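Below is one structure; the comments refer to it alone.
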Number of protein chains: 2
Amino acid sequence: MARSTRESILTAAAELMRHKGYAGVGMKDIADASGAPIGSLYHHFRGGKTQIAREALVNAGAAYGLLIPTVVDAYTDLGEAVDGVFRQAAEDMAHTGFANMCPVASVAAEVADTVEDLRQATGGIFGQWIDGGTAYFVGRGLDGARARDVTLALIGALEGAFLLARVLRSAEPLLAAGRVLAPQYRGTVLTAPAGVGKAAI
Amino acid sequence: MARSTRESILTAAAELMRHKGYAGVGMKDIADASGAPIGSLYHHFRGGKTQIAREALVNAGAAYGLLIPTVVDAYTDLGEAVDGVFRQAAEDMAHTGFANMCPVASVAAEVADTVEDLRQATGGIFGQWIDGGTAYFVGRGLDGARARDVTLALIGALEGAFLLARVLRSAEPLLAAGRVLAPQYRGTVLTAPAGVGKAAI
DNA sequence: GTCTATAGTACGATAGAC
DNA sequence: GTCTATCGTACTATAGAC
């Protein structure tokens with residue numbers, strides 16, 4: 001791989017902040033976890049901590065946004081797809097001991113009212129997920145308004161259920177969300193995946 | 001009123017942490033906002049910052065848990081009630097400029113993987129919301145399993161939509177959640193509110 | 001029970017040798 | 001581009017006068 005120092009810093013920061021939030025992670029922590037000394041952090045990111053957080057969130061967020069389309073790709077019935085998304089999420093969380101899944105949510109919750117710069121960055125990421133998901137579902141035959149509502153409801157319900165599942169250390173909130181959301185979409189047939197749709201996200 | 005120093009500290013801490021999270025709030029901040037000097041904080045809370053956070057979360061969480069039953073009380077159709085919950089939440093958020101509503105979520109997201117003591121505290125609060133909400137809906141005629149799923153889905157969808165709404169500074173995620181969740185419950189008639197149910201939460 | 005002063009540590013950020 | 005040493009500040013927590 002031969003990852004650059006810059007990349008190491010961003011992946012270390014993303015992983016740390018996913019679990020400990022923004023204020024809870026120090027530059028020293030990022031330096032230690034990435035293997036780079038403090039000076040290198042400021043050499044590569046002159047904007048300091050906020051710039052590192054911003055770029056780390058954008059990187060991790062772009063990758064994480066592919067999750068829903070990737071899972072849904074395997075289904076042709078929207079109801080089963082919704083069910084599959086929450087079952088998959090429940091399985092993944094159980095495997096990690098109910099540690100945080102989403103690399104954006106915790107930091108977003110922490111900075112939304114306080115660090116305008118990072119609020120905008122996280123807003124951009126969520127916006128891309130929403131637009132990308134909407135385009136994906138439109139590509140699979142749903143009309144625009146319905147596609148957007150499904151995407152918003154899926155992302156919202158996932159983020160909320162992630163939080164409850166982490167705190168309660170239980171998959172129940174994720175499975176309950178699936179049980180409630182899936183039935184109404186059962187019978188809605190999705191057209192064949194384009195394969196290109198995912199790239200749009 | 002004549003609020004005690006203890007109470008002032010807890011309400012100040014709860015309000016600060018709702019917006020800035022746990023690590024983002026210092027003891028100095030709490031002292032300044034409450035009017036009490038640092039020494040008083042440690043006099044009343046020998047457990048330091050984590051004890052203040054724990055008690056502040058429990059206090060604020062107990063009050064906030066009444067929100068869903070209070071709104072649902074005004075409805076007899078479950079679908080309209082669900083719609084009403086998200087409409088009310090959207091209105092409230094818009095009025096505060098999309099600042100955080102839930103006093104527990106941000107801190108919970110931040111500490112769930114790191115501060116076991118506070119993870120348990122927030123878990124207890126969410127657990128009470130879930131149990132209380134389930135009991136409330138059972139009191140209004142739903143069977144147990146359905147009542148619990150509705151409660152879990154409502155709380156999860158609300159928390160997720162709150163996060164998206166804050167970050168995007170838009171009520172759309174809340175309204176979309178209502179549009180998606182409400183229809184399937186339309187026609188489900190709720191029995192008359194007991195009036196006691198709320199006290200159980 | 002209230003409040004001040006301060007200990008001891010960790011923070012974000014910088015300067016400058018290599 | 002890498003790394004060390006360090007600045008100045010803010011942190012949690014404590015000691016002790018009142």
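Chain letters run A, B, ... following the sequence lines, proteins first and then strands; every chain starts at 1. If you're wondering where the values come from, they're calculated on a predicted model, not measured in any experiment.
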Do the side chains of B/D131 and B/R148 get close enough for a salt bridge, i.e. N-O under 4.0 angstrom?
yes
Among C/dG12, C/dT4, D/dT2, which nucleotide sits nearest the side chain of A/M27?
C/dG12
Of all heavy-atom pairs between B/P103 and B/L57, which one has the smallest distance, and what is that distance?
O-CD2, 3.4 Å
Taken to the nearest whole Å, CD/B/Q51 to P/D/dA13 is 11 Å
If you compare every side-chain N and O of B/Y42 against the phosphate oxygens of D/dT14 (OP1, OP2), does one of them come in below 4.0 Å?
no
Looking only at non-hydrogen atoms, find the nearest pair between B/G48 and B/M27 and report the distance.
C-CE, 4.3 Å
Determine the contact category for B/I38: base if any of its heavy atoms lies under 4.0 Å from a base atom, sugar-phosphate if only primed atoms, P, OP1 or OP2 are that close, otherwise nothing.
base
Using a cut-off of strictly less than 4.0 Å, decide whether B/T5 has a side-chain nitrogen or oxygen near OP1 or OP2 of C/dT2.
yes
Closest to the A/K28 side chain, choosing from C/dC11, D/dT2, C/dT4
C/dC11
Over all strands shown, is A/G26 touching base, sugar-phosphate only, or nothing at heavy-atom distances under 4.0 angstrom?
sugar-phosphate
Of the options D/dT2, C/dG12, C/dT4, whose atoms approach the side-chain atoms of A/K49 most closely?
C/dG12
First of B/G35 and A/T50 reached from the 5' end of DNA chain C, by closest nucleotide:
B/G35
Can you check the A/L41 CG to C/dA15 P distance for me, whole Å?
17 Å
Using 0.5 Å steps for rounding, measure from the NZ atom of B/K20 to the OH atom of A/Y22.
12.5 Å
Any side-chain N or O of A/H44 less than 4.0 Å from the OP1 or OP2 oxygen of D/dT2?
yes
Measure NE2/A/H43 against C1'/D/dT4 and give the value in whole Å, please.
16 Å
For A/G39, answer base if it contacts any base atom (sugar-phosphate contacts may also be present), sugar-phosphate if it contacts only those atoms, and nothing otherwise; contact means non-hydrogen atoms under 4.0 Å.
base
